[in-house]
Amino acid sequence: MAASAPERSKRSPFIVELYRSALGKKYVMAITGIVGLGYVLAHMIGNLKLYQSAADFNLYAETLRELLYPIAPEGLVLNLLRGVLILALVGHVVAAWQLTLMNRRARPESYRSKRDYVAADFAARTMRWTGVIVLLFIFYHLADLTWAVTPLHEADFTVYDRVIASFSNPASAGFYILANLALGFHLYHGVWSLFQSMGWNNRRFNHWRRTLAIAFTVVVVGGNLSFVISVLTGVIS
Ligand code: HEM
């Protein structure tokens, strides 16, 4: 009895113990992934205003800053949402990094069978790389459209002007297209595997899982690519 007391005091809270396990890290990947999925879908739907008019799009961007104003101070809700997004992004990247290290320790490169490698599809095998491309894209995208610090923008540009300037430039548009293709592979495998991580993986529903993963990816990436292509081809100007 007396010997078990110090042992018990060494145990961390349940949530910390859970996070230490691979399962806990997978939960973090799945939950933070869901936040990211919600964001990219909402962001794409909001950006459809580009097809309405410059004024509508700029008003939409302004409205986001004034969410719940004057009930809450101007910008507060947007900044809270930004905080949630940043936490989710950091949590997703850290858990992915730690899971990779755990997997490497458990199964060094030389023991990995060729069959496993072939069995995993392209999207699954490239998760880390597509994740890195999306992460680099987010930094470029913020510098480009939120902070407008890239050489493409003038001081008096509205948010709409920034989108047009960025997507009219072949190098910038090319990077948006490449990053969205990487996002597509990442989303497809992410939606698919989040069911696995959460334990919702009854074989009978695999067909629905795949359909949902494809539909979600096509809607988000299709919408995003359509904005870039519409500006490049002059449909939006
Ligand atoms: C090609 C499609 C996209 C368009 C047209 C677009 C447009 C924009 C614009 C105009 C802003 C600045 C809003 C403002 O400052 O008022 C913005 C911000 C942002 N975008 Fe995108 N975006 C696209 C794709 C993406 C993707 C794929 C992601 C994520 C992977 C993303 C993540 C973000 C983030 C995190 C912000 C900052 C939001 C904030 O803090 O206010 N965007 N986007």
Side-chain angles (χ1 to χ4, degrees), residues 32-67 69 74-93 96 127 130-150 152-153 155-191 216-233 235-237:
T32 53
I34 291 171
V35 174
L37 293 175
Y39 180 78
V40 289
L41 180 63
H43 194 48
M44 191 286 292
I45 294 172
N47 286 335
L48 287 171
K49 290 252 177 301
L50 281 168
Y51 290 117
Q52 260 174 278
S53 70
D56 284 311
F57 186 74
N58 289 329
L59 179 67
Y60 159 67
E62 196 49 43
T63 310
L64 285 182
R65 281 183 196 91
E66 288 174 2
L67 275 178
Y69 176 77
E74 197 176 347
L76 180 75
V77 176
L78 181 64
N79 283 330
L80 286 175
L81 290 174
R82 283 174 172 160
V84 172
L85 263 188
I86 292 170
L87 276 181
L89 188 67
V90 172
H92 200 73
V93 172
M127 256 343 233
T130 52
V132 169
I133 295 173
V134 171
L135 197 60
L136 291 176
F137 163 76
I138 292 173
F139 285 116
Y140 172 71
H141 184 51
L142 289 176
D144 184 33
L145 297 187
T146 300
W147 305 318
V149 290
T150 60
L152 300 172
H153 307 297
D156 61 346
F157 272 11
T158 64
V159 183
Y160 184 87
D161 297 334
R162 290 178 197 166
V163 173
I164 302 299
S166 179
F167 297 175
S168 306
N169 178 284
S172 179
F175 185 47
Y176 271 88
I177 291 172
L178 176 84
N180 269 286
L181 292 177
L183 176 72
F185 285 111
H186 203 82
L187 289 181
Y188 169 69
H189 185 70
V191 174
F216 188 89
T217 305
V218 167
V219 167
V220 171
V221 175
N224 283 349
L225 289 177
S226 84
F227 304 136
V228 186
I229 293 165
S230 296
V231 174
L232 275 176
T233 55
V235 173
I236 304 177
S237 57

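For ligands, and for the atoms within them, numbers begin at 1 and follow the listed sequence. No hydrogens, no waters, no symmetry mates; every other heavy atom, side chains included, goes into these values.
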Check Tyr60 against Gly46 and note the closest heavy-atom contact, atom names and distance. OH-CA, 3.3 Å
Please step through side chain to side chain contact (heavy atoms under 4.5 Å, CB included) for the pair Ile229 and Ser226, ending with a clear verdict. CA-CA 5 Å; Ile229 293 165; Ser226 84; 5.9 Å; no
Protein heavy-atom partner closest to atom 1 (C) of ligand 1 - residue, atom, separation in Å: Asn224 O, 3.5 Å
For the pair Tyr140 and Thr150, evaluate side chain to side chain donor-acceptor pair (under 3.5 Å) and give the outcome as yes or no after the intermediate values. CA-CA 9 Å; Tyr140 172 71; Thr150 60; 5.0 Å; no
I need the protein N, O or S atoms closer than 2.8 Å to atom 21 (Fe) of ligand 1, given as residue plus atom name. His43 NE2, His141 NE2
Mode of Leu183 contact toward ligand 1 - side chain, backbone, both, neither (heavy atoms, under 4.0 Å): side chain
About how many Å separate CG of Asn169 and CG of Leu232, when rounded to the nearest 0.5 Å? 9.5 Å
So is Phe167 in contact with ligand 1, going by heavy-atom distances below 4.0 Å? yes
4.5 Å side-chain heavy-atom contact, Tyr176 and Phe227: no
Residue, atom name and distance, where the atom is the protein heavy atom closest to atom 28 (C) of ligand 1: Phe137 CE2, 3.8 Å
Taking atom CZ of Phe157 as the centre, does the number of heavy atoms from other residues, nucleotides or ligands within less than 6.0 Å exceed 12? yes
For atom 38 (C) of ligand 1, what is the nearest protein heavy atom, given as residue, atom name and distance? Tyr39 OH, 3.5 Å
Output the distance between atom CG (Leu67) and atom CG (Asn79), rounded to the nearest 0.5 Å. 11.0 Å
Give me the nearest non-hydrogen protein atom to atom 29 (C) of ligand 1 as residue plus atom name, then the distance to 0.1 Å. Val40 CG1, 3.9 Å
Show which atoms of ligand 1 fall inside a sub-4.0 Å distance from at least one heavy-atom site of Val163. 10 (C)
Please confirm whether the backbone N or O of Arg162 pairs with a side-chain atom of Ser166, one donor and one acceptor, at under 3.5 Å? no
Using a strict 4.0 Å cut-off to heavy atoms of Leu142, name the atoms of ligand 1 that fall inside it. 36 (C), 37 (C)
Suppose I only count heavy atoms of Ala61 and a 4.0 Å limit; which atoms of ligand 1 are within that range? 16 (O)
May I ask you to identify the nearest protein heavy atom to atom 10 (C) of ligand 1, giving residue, atom name and distance to one decimal place in Å? Val159 CG1, 3.4 Å
Determine the minimum heavy-atom distance between Ile177 and Leu225, stating which atoms define it. CA-CD2, 3.8 Å
Residue part near ligand 1, for Arg162, under 4.0 Å between non-hydrogen atoms: neither
Does Asn180 reach ligand 1 with a nitrogen or oxygen that is under 3.5 Å from one of the ligand's nitrogen or oxygen atoms? no
Please report the interatomic distance CG(Leu50) to CD1(Ile236), rounded to the nearest 0.5 Å. 5.0 Å
Atom 14 (C) of ligand 1: closest protein heavy atom, distance to 0.1 Å, is Arg65 NH2, 3.3 Å
So does Gly75 get a backbone contact from the side chain of Arg65, meaning a donor-acceptor N/O pair under 3.5 Å? no
Would Arg82 count as being in polar contact with ligand 1, using the rule that some N or O on each side must be under 3.5 angstrom apart? yes
Side-chain donor/acceptor of Asp144 to backbone N/O of His141, under 3.5 Å: no
Is Val220 touching ligand 1 with its side chain, its backbone, both, or neither, if touching means heavy atoms under 4.0 Å apart? neither
Mark yes or no for whether Thr130, through its side chain, and Leu183, through its backbone, hold a donor-acceptor pair below 3.5 Å. no
Evaluation steps, side chain to side chain contact (heavy atoms under 4.5 Å, CB included), between Leu181 and Leu178: CA-CA 5 Å; Leu181 292 177; Leu178 176 84; 5.7 Å; no
What part of Phe139, side chain, backbone, both or neither, has a heavy atom within less than 4.0 angstrom of ligand 1? neither
